[in-house]
S.K.: 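Below is the structure I would like to discuss, written out as C-alpha cells.
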Amino acid sequence: MLPRNHQNLKPELGRRYFILRSQLTMNCSTLYSILAVLILLNPSNAQLISTFYSNTCPNVSSIVRNVVQQALQNDSRIGASLIRLHFHDCFVNGCDASLLLDQGGNITLSEKNAAPNNNSARGFNVVDNIKTSAEKSCPSVVSCADILALASEASVFLAGGPSWKVLLGRRDGLIANQSGANTSIPAPTESLANITAKFTAVGLNTSDLVALSGAHTFGRAQCRFFNQRLFNFSNTGKPDATLNSTYLATLQQNCPQNGNGNTINNLDPSSPNNFDNNYFKNLLNNRGLLQTDQELFSTNGAATISIVNMFANNQTAFFEAFVQSMIKMGNIRPLVGNRGEIRSDCRKVNGS
C-alpha cells in the first residue's frame, strides 16, 4: 500500500533519479577520458597486433623471410646486422624507421651518420630488397618500421633461434634524430650503470638488457669498438683484467695497436653464426668481446649476474626471455593510426 503522501513523493524521486543519472554519466565520461589518456600515453599495447596485415598483405612474413634467407647465402652476418638496425632504430624516436632515412631534402642530419651507426650499421640494401618485394605484392601497405621488426624475427629464426608472432601496425617517421642517436644508443665502451640507464629510459628493465644483449650470440664487431680493452684499459697501461688471457692473445693478434680499426671479429667465437646461448657461456669464461658484454657478468654485485648464469645454463629460458624482450622493444613509441606515413622508399620521406 502506498503512503498517503505518495503524490508528493513523485517529484522528489524524479529529482533524485536525475541527479543519480547525471553522476553516472559524469563518472563514465571521466573513465573514458582516463582510458583515452592511457591509450595516448601507450598506444602500442592498444594498437600493434600480429594480424595487422592479414587482409592487406597476408604473405608479408614469407616475403621478408625469403629475402633474408637469400641474403644469408652471400653474407653470413646479415642477420645480426638486420637485428642491430631494429635495435638502433627503436632506441631513437621509437620504432619508426628513422634510421633508414638518407641525408637529403628535409633530412639535414641522417641517423646513419651518427657515431654508433657511421661505417658500422649495415643491411640497408637488404631492407630495400624486402621493401621492393613487399611493394610488388602489396603496394603502399607495409611500413619500413614493420619490415625491420619482421626481418629481426626472420634473422633469429634462420640462425637457429626462436620464432615469434611479431606485433605489427607501425608507421614510418617523417624526421631523423642524429643527436638522439649519438646520445641514446648504448655504446660498447660504457659502464653497466650507463647502459642500464639507457635501457630504463625507453622502458626496458635489467632482464631485457641481458636478454637483448644475447643477440651478440651471432654477428661481428670491428676492432675499434673494443680495442681499448686490449692494451691500455682505462689508462691503466694494462689490458682489461676481466679478459681471458688466451682470448686476449687472440684479440691482440687480430687487433694490434695502431692497426686497422675496421677489422671484424666474431662476437661469439664458439658459434659465430648460430643463435644459441653460447654467448652467455662465453661470459662465464671471461670471453665476452665487448666491454658491455663482459660487464654483465664481471661487475661486482650486479643484478645481471644471476640472469647471465640462468641463460648460460638454460637455453630455453634465454629464448623465451629474448622473445618477450624483442616484443617489448618493438613496442617503444611506435607511430600508429594516422601518425607518420607508409614510405614507398625506406630511404626517404614520401614526396621528397
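We're numbering straight along the sequence, starting at 1. Computed over heavy atoms, backbone and side chain alike; hydrogens, waters and symmetry mates excluded.
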S.K.: Judged by atom type as modelled, is there a donor-acceptor pair below 3.5 Å linking the side chain of K198 to the main-chain atoms of T183?
M.R.: yes

S.K.: State yes or no: are the ring centers of F91 and F199 separated by less than 6.0 Å?
M.R.: yes

S.K.: Is there a salt bridge (Lys or Arg N to Asp or Glu O under 4.0 Å) between E153 and R65 once you walk through the steps?
M.R.: CA-CA 9 Å; E153 187 275 340; R65 186 165 291 185; 2.9 Å; yes

S.K.: Within this structure, what is the CD1-CG distance for the pair I307 and D208, rounded to the nearest 0.5 Å?
M.R.: 9.0 Å

S.K.: Strictly by modelled atom types, are N113 and S110 linked by a side-chain donor-acceptor pair under 3.5 Å?
M.R.: no

S.K.: Look at the side chain of S143 and the backbone N and O of R170, then say whether any donor-acceptor pair between them is shorter than 3.5 Å.
M.R.: yes

S.K.: Of the non-hydrogen atoms in A187 and I195, which two are nearest, and what is the gap between them?
M.R.: O-CD1, 3.6 Å

S.K.: When rounded to the nearest 0.5 angstrom, what is the spacing between OG1 in T246 and CG in N286?
M.R.: 11.0 Å

S.K.: Give the minimum heavy-atom separation between P269 and N282, together with the two atoms involved.
M.R.: CD-ND2, 3.7 Å

S.K.: Would you tell me whether Q315 and D276 have side-chain atoms, one donor and one acceptor, within less than 3.5 Å of each other?
M.R.: no

S.K.: Taking all heavy atoms of A115 and all of N182, pick out the closest pair and write down the distance.
M.R.: N-OD1, 2.8 Å

S.K.: For atom CG of N258, decide whether the heavy atoms of other residues, nucleotides or ligands shown that lie under 6.0 angstrom number more than 12.
M.R.: no

S.K.: Are there over 12 heavy-atom neighbours, none belonging to N106, within less than 6.0 Å of that residue's CG?
M.R.: no

S.K.: Output yes when D102 and K348 qualify as a salt bridge under the 4.0 Å nitrogen-oxygen rule, no when they do not.
M.R.: no

S.K.: Just checking Q70: does its CD atom have more than 12 heavy atoms from other residues, nucleotides or ligands closer to it than 6.0 angstrom?
M.R.: no

S.K.: List the atom of V92, the atom of N177, and the distance in Å for their closest heavy-atom pair.
M.R.: CG1-O, 3.5 Å

S.K.: Have a look at F322 and tell me which of F275, F280, Y279 forms a ring pair (Phe, Tyr, Trp, His ring centres under 6.0 Å) with it.
M.R.: F275

S.K.: Check for a donor-acceptor pair, side chain of R122 on one end and backbone N or O of S81 on the other, with a separation under 3.5 Å.
M.R.: no

